[in-house]
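Here is the structure we will look at, set down as structure tokens.
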Amino acid sequence: MRRSRRFWRLTPAERQVWNAYPTGEWVDFRVGDRERDDPASGDGWGPERTVRADLLVALLLGVRDPEPGRTAGLRLAGARITGSLDLSDATVTAKVHLLNCHLADPVDLTDITAHGIRLRGCDVHRVRAARATVEGLFELDGSHIHRGVRLDNAHVTGQLRMSHTRITAPLRRGQGKNHKFDVRRPMSPGELEERGYTTDTWAVWAGGLTVDGGAFMRGLHAAGGLRLIGARFNGGLYLRGAEVTSVRSIAVNGDHLQATTVEFNNGFKAEGTVRLRGARIDGVLSFHASTVRAPGQIVLHLSHAQVDEVVLTPASLQGTINLGYSRFGVLLDQPDAYDGDVRLNGLVYESLRGDWAVADRLRWLRRSANGYRPQPYEQLAGWYRRIGHEPDARRVLLAKQRERRGTLRLPGRTWGRLLDAMVGYGYRPWLAAVWAALLLVTGMAVFHLIPPAKIDTEEVRHFDPFVYTLDLLVPVSVFEQRGAWEPVGWTLWLANLLIVAGWVLATALIAGATRVLRPVASS
């Protein structure tokens, strides 16, 4: 193809790029000195390392044909690229690989269809790739991007690599003068925020992004949040060792995210909330050895989610943890994972792992700021039963009744305390035997020292303090001792106390055995 009139006059640097493109050979302007080759200082590079973005766009859009038997491609290292690299709406068949380049203007890949894009170790003003389709690798590893990355509704069929990338959220923009705005329908501040026109909150705006391979963001440094609402990571999302500092309050917004695995682990740090409300994760969601701080607010919002396994063994999570109405296959956690309140109502899990005593789990249930809820107790007791720990299950259900008692009025609380003391709400029936034995021994001792008087003096009977006391304790007289002997003096009060105690014990045992209170407690 003949050279376009726009490119009749090429600088020596541009001529190298022009000549190398048809064969896809590398053009490397680096001088071999680490400081002088650092793209952060690319503004000072001279014409011997400067290439116009227009030239690169023209090459990628077909101004030159590939050499027969070779694959055309743009492979450029250590260049200062002037002007905006605007490939929006284009179909690019050649591979693009920029290494240690300085791009002072935006890289616009909006609505592009490409076969692989790599900006590795570059210094870039901004990357726009909304609705882009990259059939292969999309790499930003090690780059410094000063005004954020847009990947909303993009589709990457290979891997997305952003490891050790530094990204700063863009400056806030108003509606102002912009070709995207309709003067007949001005947008409200909320609409501007929703559509990303005022995106100073987010370093990465990637709602609806789909990545078929893994999304590797290990060691990422983001000054601004990661907006991943509705994103799909079919090969997993890996943020090991990443650091995210939210501009406002949310560090990661992954509501309704879908992934095979998600790693916020091994040194992951975030200032602000990590939201994964409604997420669907088919593998492991890990917060092992991570640090997330959101004092006074929700630090981890994982409600209404479905996760095969949650690993909650962080270095520190400061703030409220919301796990409500989620379904976990396995929850591996530790007692010190919960710094503040925890919301557990509606949480369902198949298995619990971790070094927990039953007392620790009960304190876990009581951390809720919303007060008593029966479901978390029933769920924990059910799990203990499934693994054959029936005594632990009864202990949890007893704790549930005691917490419920605090929600009742005075008569209910009084009756509840009596049930608890007598039979442990039916979960400790042996208490009734202890009380009965104590009362029996007391009655035997007293009536042995102060025998009751015989009512019918002509009747021949032998007094037995054990049988007499036992007959008083049994609600219905079995041994016919009550009618034969009359307590004397103050022992009359003891006899009446034994009769009342017998009725109370019997009622408590019946209430515990038949769970008369269960419908009320489960409501």
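All values below come from the heavy atoms of this structure, side chains included, with hydrogens, waters and symmetry mates left out.
Remark: M162 CE to F138 CZ distance equals 8.0 Å, nearest 0.5 Å. Rounding to the nearest 0.5 Å gives a distance of 8.5 Å between CG of L312 and CG of L332. Here the CG-CG distance, from L239 to L228, works out to 8.0 Å after rounding to the nearest 0.5 Å. In this structure, CZ on R385 lies 11.5 Å from CG on D392, to the nearest 0.5 angstrom. Taking CD1 of I298 as the start and CG of N322 as the end, the distance is 5.0 Å to the nearest 0.5 Å. Rounding to the nearest 0.5 angstrom, the gap separating the OG atom in S163 from the CZ atom in R120 is 12.0 Å.
At a threshold of 4.5 Å between non-hydrogen side-chain atoms, the residues L347 and Q379 do not count as touching. At a threshold of 4.5 Å between non-hydrogen side-chain atoms, the residues L237 and L257 count as touching. Contact check for Q375 versus V348: side-chain heavy atoms found under the 4.5 Å cut-off. A 4.5 Å side-chain heavy-atom check between D308 and V330 finds every atom pair outside the cut-off. Using a 4.5 Å cut-off on side-chain heavy atoms (C-beta onward), L151 and L160 make contact. Side-chain contact between D339 and Q318 is present, with at least one heavy-atom pair separated by less than 4.5 Å. The side-chain heavy atoms of R343 and S303, taken from C-beta on, include no pair separated by under 4.5 Å. Proximity of L300 to V292: side-chain heavy atoms (C-beta onward) are nowhere separated by under 4.5 Å.
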- [ ] For the pair Y384 and R361, evaluate side chain to side chain contact (heavy atoms under 4.5 Å, CB included) and give the outcome as yes or no after the intermediate values.
- [x] CA-CA 11 Å; Y384 278 126; R361 283 294 178 194; 3.7 Å; yes
TODO: Just do the side chain to side chain contact (heavy atoms under 4.5 Å, CB included) check on L362 and V396 with the steps written out, would you?
DONE: CA-CA 7 Å; L362 291 176; V396 171; 4.0 Å; yes
TODO: Decide yes or no on side chain to side chain contact (heavy atoms under 4.5 Å, CB included) for L380 and Y349, but give the supporting numbers first.
DONE: CA-CA 9 Å; L380 182 59; Y349 41 83; 3.6 Å; yes
TODO: Take L365 and E403 through the side chain to side chain contact (heavy atoms under 4.5 Å, CB included) test and state the conclusion after the steps.
DONE: CA-CA 10 Å; L365 297 182; E403 287 296 314; over 6 Å; no
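The shortest non-hydrogen separation linking W364 to L344 is CZ2-CD2, 3.5 Å. Heavy atoms only, all atoms of each residue included: D255 and R275 are closest at OD2-NH2, 2.6 Å. G235 approaches Y238 most closely through the heavy-atom pair O-OH, 3.0 Å. Closest approach of S143 and G121 over heavy atoms only: OG-N, 3.3 Å. A315 and T291 get closest at one heavy-atom pair: CB-OG1, 3.7 Å. Residues A231 and A206 come closest through the heavy atom pair CB-O, 4.0 Å.
The salt bridge (Lys or Arg N to Asp or Glu O under 4.0 Å) search around R363 returns D360, not counting sequence neighbours. Partners of E135 by side-chain hydrogen bond (donor to acceptor under 3.5 Å, both in side chains), not counting sequence neighbours, listed by chain and number: H115. Residues satisfying the salt bridge (Lys or Arg N to Asp or Glu O under 4.0 Å) criterion with E243, sequence neighbours excluded, are absent altogether. For R373, the salt bridge (Lys or Arg N to Asp or Glu O under 4.0 Å) test picks out no residue, with sequence neighbours left out. In terms of the salt bridge (Lys or Arg N to Asp or Glu O under 4.0 Å) criterion, residue partners of E271 (sequence neighbours excluded) are, by chain and number, R293.
When atom types are taken as modelled, the side chain of R240 and the backbone of G267 share no donor-acceptor pair closer than 3.5 angstrom. Remark: side-chain polar atoms of R232 are not paired, donor with acceptor, to backbone N or O of G230 under 3.5 angstrom. Checked by atom type and distance alone, the side chain of W205 never pairs as donor or acceptor with a backbone atom of G148 at under 3.5 Å. In this structure, T261 contributes its side chain and V284 its backbone to a donor-acceptor pair below 3.5 Å. No side-chain donor-acceptor contact under 3.5 Å links E309 to the backbone of G283. A donor-acceptor pair under 3.5 Å is absent between the side-chain atoms of E263 and the main chain of S286, judged by distance alone. Checking side-chain atoms of T491 against main-chain N and O of P452 turns up no donor-acceptor pair under 3.5 Å. R128 places no side-chain N or O within 3.5 Å of a backbone atom of T110 that could act as its donor or acceptor partner. In this structure, the side chain of N345 does not engage the main chain of G324 through any donor-acceptor pair within 3.5 Å.
Checked by atom type, the side-chain pair T168/H146 shows no donor-acceptor distance below 3.5 Å. Side-chain contact of W202 with N253: a donor-acceptor pair under 3.5 Å is absent, judged by distance alone.
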Atom pairs and distances, donor-acceptor, side-chain atoms in residues 208-221, under 3.5 Å, two or more places apart:
{"residue": "D212", "atom": "OD1", "partner": "N234", "partner atom": "ND2", "Å": "3.1"}
{"residue": "D212", "atom": "OD2", "partner": "H155", "partner atom": "NE2", "Å": "3.1"}
{"residue": "H221", "atom": "ND1", "partner": "G219", "partner atom": "O", "Å": "3.0"}

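Ring geometry for H304 against Y325 counts as parallel: the plane angle stays under 30°, on a 0 to 90° scale with 60° as the upper cut. F287 and F264 have parallel rings, their planes meeting at less than 30° on a 0 to 90° scale where 60° marks the start of perpendicular.
Atom CZ of R280 is surrounded by more than 12 heavy atoms from other residues, nucleotides or ligands within 6.0 Å. Around CZ of R367, the count of heavy atoms belonging to other residues, nucleotides or ligands within 6.0 Å exceeds 12.
Only one option out of N266, T313, N265 pairs with H288 in a side chain to side chain donor-acceptor pair (under 3.5 Å); it is T313.
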